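Computed from a prediction, not measured in an experiment: that's the story for all the values here.
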Amino acid sequence: MTRRSADVVVIGGGVNGTSIAMHLTRMGAGKVLLLEKGHLAGGATGRSGAMIREHYQHPVLVKMAMEASEIFHNFADAVGGDARFIETGRVLLFGEEDAAAVRANVQMNRDLGVNIHTITPAEVSEIVPQVCTDGVALGTYEPTSGHADPMATTYAYAEQARRRGGEIVTGCAVTGVRVAGGRVVGVETEDGSISTDAVVVATGPWANQLAAPLGETLPITPLRVQMVHLRRPPSLESLTAIVIDFITGAYLRVNSGFKTLVGGQALEDLNEIVNPDAFGLNADHDTIMGFWDRAKLRIPDFGAATPLGGYGSLYDITPDANPILDKSGAVDGLYWAVGFSGHGFKLSPVVGRMVAELVLHGDSKRHPIGAFRASRFADGDLLDPEHPYRGVRHQ
């Protein structure tokens with residue numbers, strides 16, 4: 001460890017930790033030090049589907065996603081570097097039971113300025129002709145959605161932090177936060193102590209390993225999720241749009257050449273509570289077969305695909321499946337940026353600024369960071385949608 005003190009220490013080298021570090025350096029926070037126990041993007045970030053979209057079911061999230069999408073579309077100028085964003089368009093498919101909620105949410109999104117509209121099954125077929133529309137009552141289409149590279153994005157944030165004087169240290173686990181007189185005075189690491197009076201924890205499902213010894217427990221549940229790779233047959237090589245199927249509970253997007261990444265978003269896909277330090281990194285055989293079956297139901301030509309295995313990742317789920325962006329209720333100078341519940345990547349350029357503003361100024365300017373306070377769960381003021389979709393855990 002080359003530095004034994006810092007003005008702000010950020011713990012966690014995922015996409016949000018590095019974004020926070022970058023924004024702190026941009027705002028003149030002084031000596032900013034990011035500590036990561038492994039390598040950058042080595043946790044949930046590196047296994048993210050990394051989809052970029054603006055459609056949400058809550059206006060606070062819509063506004064944040066709109067700004068974040070604009071940044072990803074103009075990443076080189078807005079951030080620096082290349083997030084490898086690809087605009088593909090995004091089609092969502094719904095059954096009749098969700099039709100009223102879909103229309104209400106699309107109208108809310110459109111009123112806020114999102115380029116999205118409802119589409120009929122016939123229009124679904126025009127946009128994605130490979131899709132079987134059996135059981136589809138209506139869909140939505142967001143033409144400017146797409147996906148980015150989570151590794152490239154994280155390293156771009158980190159590089160911008162370094163260029164402004166920030167220090168990124170990998171392979172250095174934080175073992176605890178040091179407190180005196182009710183406030184942060186430093187952190188303990190495997191390589192020794194670091195003095196600081198401000199610490200931002202962006203460690204996802206590992207957050208309570210640092211919170212619990214301080215007498216604070218965050219409502220975060222570590223869940224294992226799985227993703228499956230299918231090698232597309234030639235008939236599907238032109239399939240580039242993201243397809244999110246709320247009927248079968250599957251989502252599909254192009255991944256690396258002629259592969260499609262298939263994930264699950266049904267309630268049954270988000271119930272495996274695990275130890276974040278010991279969970280299955282490879283997809284289970286039954287999951288591979290089950291996700292392949294879902295893909296074939298919606299896009300029959302996937303029957304000629306070749307399964308190429310899959311992998312396990314982690315969600316840090318909160319009760320309303322939205323993040324906690326807040327100062328600690330137990331220790332002054334300690335801040336939480338955790339609980340992203342599987343949709344933190346797309347919000348990262350905005351979350352980074354909001355948290356940096358919270359640390360330096362006590363509040364955020366463009367978006368209400370108070371909506372993400374930890375006490376909202378006890379207050380009964382959750383970020384729940386007015387018009388939720390059935391059978392899904394997060395927005």
Side-chain angles (χ1 to χ4, degrees), residues 1-25 29-46 151 154-155 157-218 220 222 275-279 314 316 324-328 330-340 344 352 355-356 358-360:
M1 182 70 62
T2 58
R3 176 175 291 145
R4 297 295 175 183
S5 66
D7 293 294
V8 186
V9 171
V10 179
I11 307 172
V15 71
N16 280 290
T18 52
S19 178
I20 292 165
M22 178 189 73
H23 281 92
L24 284 166
T25 62
K31 297 178 181 179
V32 176
L33 171 63
L34 183 145
L35 301 173
E36 163 55 44
K37 66 180 180 179
H39 58 270
L40 296 183
T45 291
M151 188 75 74
T154 301
Y155 276 79
Y157 291 151
E159 177 59 24
Q160 293 305 311
R162 287 192 187 99
R163 290 187 179 189
R164 293 172 175 82
E167 184 177 357
I168 311 292
V169 178
T170 58
C172 180
V174 174
T175 57
V177 177
R178 291 194 292 118
V179 178
R183 70 163 298 109
V184 167
V185 295
V187 296
E188 295 289 345
T189 81
E190 293 177 327
D191 297 332
S193 299
I194 301 167
S195 298
T196 185
D197 57 9
V199 171
V200 181
V201 177
T203 58
W206 292 272
N208 278 315
Q209 294 180 3
L210 295 173
L214 303 175
E216 189 166 4
T217 301
L218 301 169
I220 291 173
N275 176 351
D277 290 316
F279 67 96
L314 292 172
D316 48 342
I324 296 170
L325 311 175
D326 200 2
K327 59 184 180 181
S328 167
V331 178
D332 288 341
L334 179 62
Y335 301 86
W336 306 114
V338 294
F340 288 95
V355 174
L358 176 67
V359 172
L360 298 179

Which atom pairs, one a donor and one an acceptor, fall under 3.5 Å between side chains of residues 211-218 and the rest of the protein, sequence neighbours left out?
residue : atom : partner : partner atom : Å
E216    : OE1  : S328    : OG           : 2.5
E216    : OE2  : G329    : N            : 3.2
E216    : OE2  : W336    : NE1          : 3.2

Can you confirm whether D316 sits close enough to F340 that some side-chain heavy atom of one is under 4.5 Å from a side-chain heavy atom of the other? yes
Within the 4.5 Å heavy-atom criterion, are D197 and V184 side-chain neighbours or not? no
Side-chain donor or acceptor of D332 paired with backbone N/O of R183 under 3.5 Å: no
How would you list, by chain and number, every residue that makes a salt bridge (Lys or Arg N to Asp or Glu O under 4.0 Å) with K327, sequence neighbours excluded? none
Residues two or more places apart in sequence or in another chain: which of them pass salt bridge (Lys or Arg N to Asp or Glu O under 4.0 Å) with R164? none
Mind listing the side-chain donor-acceptor pairs of residues 169-180 below 3.5 Å, one per line with the distance, residues two or more places apart or on another chain?
residue : atom : partner : partner atom : Å
T175    : OG1  : E188    : O            : 3.2
R178    : NE   : E188    : OE2          : 3.2

Separation of Y335 OH from L325 CG (nearest 0.5 Å): 13.5 Å
Between G13 and L34 the two heavy atoms that sit nearest each other are CA-CD2, 3.9 Å
With sequence neighbours excluded, residues passing side-chain contact (heavy atoms from CB on, under 4.5 Å) with A41: T45, M151, T154
Under the rule for side-chain contact (heavy atoms from CB on, under 4.5 Å), what residues qualify as partners of L314, not counting sequence neighbours? P205, W206, V274, P276, F279
Per the salt bridge (charged side-chain N to carboxylate O under 4.0 Å, His left out) rule, what does the pair list look like for residues 8-18, sequence neighbours excluded? none
List the residues meeting side chain to side chain donor-acceptor pair (under 3.5 Å) with R163, not counting sequence neighbours, and say none if there are none. E159
